[in-house]
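Just below is one structure, and these are the notes that go with it.
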Amino acid sequence: MNQITESSDSSTDLTTWEIGPYHGSLPAPMRLRLGLDGEIIANCKVETGFLHRGLEKTCELHSWKAVITYADHLDPEVAVYGELVFCLAVEELGDTSVPPRAQSIRLILAELSRLSAHLLYMVRMAKAVGSETIIHYLLRDRERILDLFELLTGARFSLGFLRFGGVKADVTEGFLERVLEVCEMIRIRMKEYNDLFTFNHVFLQRSSFIGTMPASLIRNCGITGPNARASGIVFDVRKSDPYMGYDQLEFEIPVGRGEGGNVGDVHDRFLLRLREMTQSMEILKQLIEKLPTGEFLNEKYEKGFTIPAGEAYSKIESSRGLLGCHVISDGSEFPSRVQFRPPTLANLMAIPQLLQGTRIEDLPVVLASLDLGIAEADR
Amino acid sequence: VDKNTLVVRLNKIAEGSVLDVRRFGRSDIHSVWIDTQFLSTLAFGLKKDPQLKLDWLENLSVVELDEALMISYFIRSTVTQHSLLMRALVTPPSPDAEVKFPSVCGVWPMAEPHESEASELFGIQFEDPSDSISRGIKHNFLPEGWKGFPLRKSYKFPTEFYGITHYRPFNTLKQDKKLPR
């Protein structure tokens with residue numbers, strides 16, 4: 001595990017660098033073995049697994065309901081996606097209906113999580129280029145979203161709010177109004193972010209024309225989500241396989257245009273997430289305007305139920321891409337198998353090719369731009 | 001693509017490769033059980049088939065069923081939007097032994113991290129005759145010296161590891177099946 005692999009390239013004398021698993025330039029625990037030709041990265045190998053918690057095995061050892069909490073830990077930054085994808089799979093397995101109000105509440109949480117995740121992404125990008133001021137502004141605004149989570153669920157992280165057949169509770173008093181307030185605040189602040197950071201010439205210099213992901217690399221690695229869309233690939237599970245009523249909502253799928261440099265470069269990936277935030281706010285407004293009345297939980301499934309033997313596969317669009325969940329039941333009180341398909345696995349696979357030819361000083365920026373969720377990849 | 005057309009097309013790619021075709025859960029997707037020896041031929045054929053063009057391996061999932069390991073390939077076309085679930089079984093010689101299985105990395109490169117995971121956690125050694133696996137990514141899920149394959153059903157949790165004692169109460173909970181609903 002600790003053995004350093006020497007470069008197989010005998011034509012030049014490469015310096016071998018080993019970074020990680022814990023290092024300031026890395027967005028998450030992982031180890032990079034770099035072969036350097038001067039300041040240029042000639043080859044790279046990635047080692048992950050440092051955050052492995054045995055999550056899928058743990059899911060097999062706990063009751064169906066308890067697994068919701070573990071699914072929530074799939075990616076602590078965006079807890080609701082793990083819960084949602086697992087609940088969708090179990091509901092398909094049990095042929096469970098979800099009341100329309102519960103569907104909308106779930107989507108409100110999902111889109112708020114997307115906003116929160118993209119703000120955190122911007123924080124990591126700002127940290128990678130050394131822009132301290134914007135980090136404080138972004139974290140200040142993200143706190144407002146965490147306040148909303150607390151108002152609705154009682155928790156700021158690890159929400160544990162979804163149930164089979166709905167959600168744990170109805171919206172609290174004043175929650176919807178505050179969601180709209182926060183959306184309006186972020187809409188105004190977006191201009192501030194853009195003036196201070198997005199189109200700041202220093203950030204443009206650090207992020208344009210580097211880490212370009214061609215469409216062929218995206219297809220070979222199976223990359224989905226904002227990273228794929230930034231490279232011009234129009235694929236979003238919310239449109240291709242709509243779930244929880246996304247087909248009833250009007251929103252656009254932004255695609256990379258290469259405004260700052262190349263299509264699919266670091267700056268394009270950053271800009272795309274800003275555009276996605278605008279779309280998420282539009283979705284939130286529509287959800288709140290059209291929030292159906294009625295039950296928030298299918299009571300039938302709360303009062304004792306069994307999951308029939310069988311299997312199901314669900315997929316959602318998380319903030320990082322396609323998140324899948326394959327669930328198998330043998331009819332007992334415990335899942336026979338819970339397998340997650342995290343989007344970050346594909347992003348990790350792209351790193352060796354993506355970093356080839358990159359200058360060493362661009363490494364933190366390129367890695368931060370990929371939005372790696374190592375917690376979900378390592379499970 | 002309906003069931004009969006699918007079977008005809010698959011048998012055209014590799015005669016006698018299809019063992020069974022079922023519906024996957026409550027979905028409309030076909031679950032095709034295949035003979036493992038035809039896996040590589042079928043994978044290549046499905047990707048090149050002008051009608052199906054199944055060019056994207058969306059997910060690879062493994063589960064142990066009655067001492068056999070079931071490998072499920074969730075395949076999708078980015079062109080035609082067709083989806084298919086392809087399945088194969090492999091039985092390890094003993095519960096603790098590794099087993100060899102053909103890799104599909106040569107056809108769907110995105111299978112690499114999934115196969116790497118399954119290799120470590122299920123003890124399946126994926127072999128690629130074309131040697132097209134880049135191995136640019138390596139998982140270290142298990143510490144050095146860890147014995148067994150944790151995601152197999154027969155796996156027994158160690159009671160100690162390098163002198164550190166482990167106590168896992170949920171093992172007994174699951175065996176008793178006394179959890180309140």
Side-chain angles (χ1 to χ4, degrees), chain A residues 1-2 21 31 43-50 52 54 56-58 60-63 65-66 89 92-93 95 219-224 233 235 240 303-306 310-313 315 322 324 326-328 330 332-334 336-337 339-341 345-346 348-353 377-379, chain B residues 23-27 29 31 55-65 70 72 74 76 78 81 83 85 105 108-114 116-118 120-121 134-145 149-153 155 157 168-171 173-175 177-181:
Chain A
M1 183 173 157
N2 295 318
R31 182 182 283 144
N43 59 49
C44 167
K45 287 194 174 183
V46 183
E47 273 184 42
T48 60
F50 300 99
H52 180 60
E56 291 180 356
K57 185 71 178 178
T58 310
E60 293 174 17
L61 301 170
H62 287 79
S63 67
K65 276 185 190 173
E92 189 187 324
L93 193 55
D95 201 15
R219 290 201 183 92
N220 272 343
C221 298
I223 293 171
T224 53
I233 292 177
F235 176 75
S240 66
K303 288 175 184 166
F305 64 99
T306 51
E311 59 181 325
Y313 177 66
K315 53 191 166 190
L322 189 154
H326 183 204
V327 172
I328 302 179
D330 56 7
S332 74
E333 292 174 39
F334 301 88
S336 182
R337 176 87 169 106
Q339 185 257 345
F340 292 102
R341 185 265 184 217
L345 268 188
L348 282 170
M349 193 187 157
I351 290 177
Q353 275 177 273
D378 287 352
R379 279 159 283 152
Chain B
R23 197 176 146 205
F24 175 67
R26 295 177 195 280
S27 72
I29 299 171
S31 160
D55 56 352
W56 180 29
L57 180 73
E58 188 179 303
N59 190 16
L60 191 161
S61 169
V62 185
V63 65
E64 187 176 339
L65 295 173
M70 179 180 76
S72 307
F74 295 81
R76 188 183 174 117
T78 55
Q81 306 306 324
S83 293
L85 179 63
C105 282
W108 298 300
M110 62 286 275
E112 192 184 327
H114 298 282
S116 170
E117 259 186 46
E120 200 166 354
L121 300 174
S134 70
R135 306 284 182 209
I137 176 170
K138 186 185 174 196
H139 293 291
N140 282 323
F141 287 141
L142 305 177
E144 278 182 25
F149 308 109
L151 282 179
R152 286 195 187 175
K153 297 290 176 197
Y155 178 74
F157 281 99
R168 296 175 186 272
F170 47 75
N171 277 355
L173 274 178
K174 185 170 181 179
Q175 281 157 16
K177 303 244 169 170
K178 282 179 184 170
L179 278 181
R181 284 192 177 175

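Within every chain, numbering begins at 1; the chains are lettered A, B, ... in the order of the sequence lines, protein sequences first and strands thereafter.
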Identify the heavy atoms of B:P109 and A:N220 that sit nearest to each other, and give their distance. CB-O, 3.5 Å
Per-residue tally against chain A (heavy atom, under 4.5 Å) across B:H114, B:Q81, B:E117 peaks at B:E117
Selection from B:L85, B:V62, B:D55, B:T78 maximising heavy-atom pairs under 4.5 Å formed with chain A: B:V62
Any donor-acceptor pair under 3.5 Å linking the side chain of [X] with the backbone of [Y]?
X      : Y      : answer
A:R341 : B:N59  : no
A:K57  : B:P150 : yes
B:K153 : A:S336 : yes

In terms of heavy-atom proximity below 4.5 Å to chain B, should [X] be classed as side chain, backbone, both, or neither?
X      : result
A:A312 : backbone
A:I328 : side chain
A:R379 : side chain
A:Q339 : side chain

Can you classify the ring geometry of A:H326 versus B:F24 as parallel (below 30°), tilted (30 to 60°) or perpendicular (above 60°)? tilted
Please work out whether the ring planes of B:W56 and A:F235 are parallel, tilted or perpendicular, with thresholds of 30° and 60°. perpendicular
Flag the pair B:E64 and A:R337 as a salt bridge only when some basic side-chain nitrogen lies within less than 4.0 angstrom of an acidic carboxylate oxygen. no
If I measure from the heavy atoms of chain A, does B:R76 come under 4.5 Å with its side chain, its backbone, both, or neither? side chain
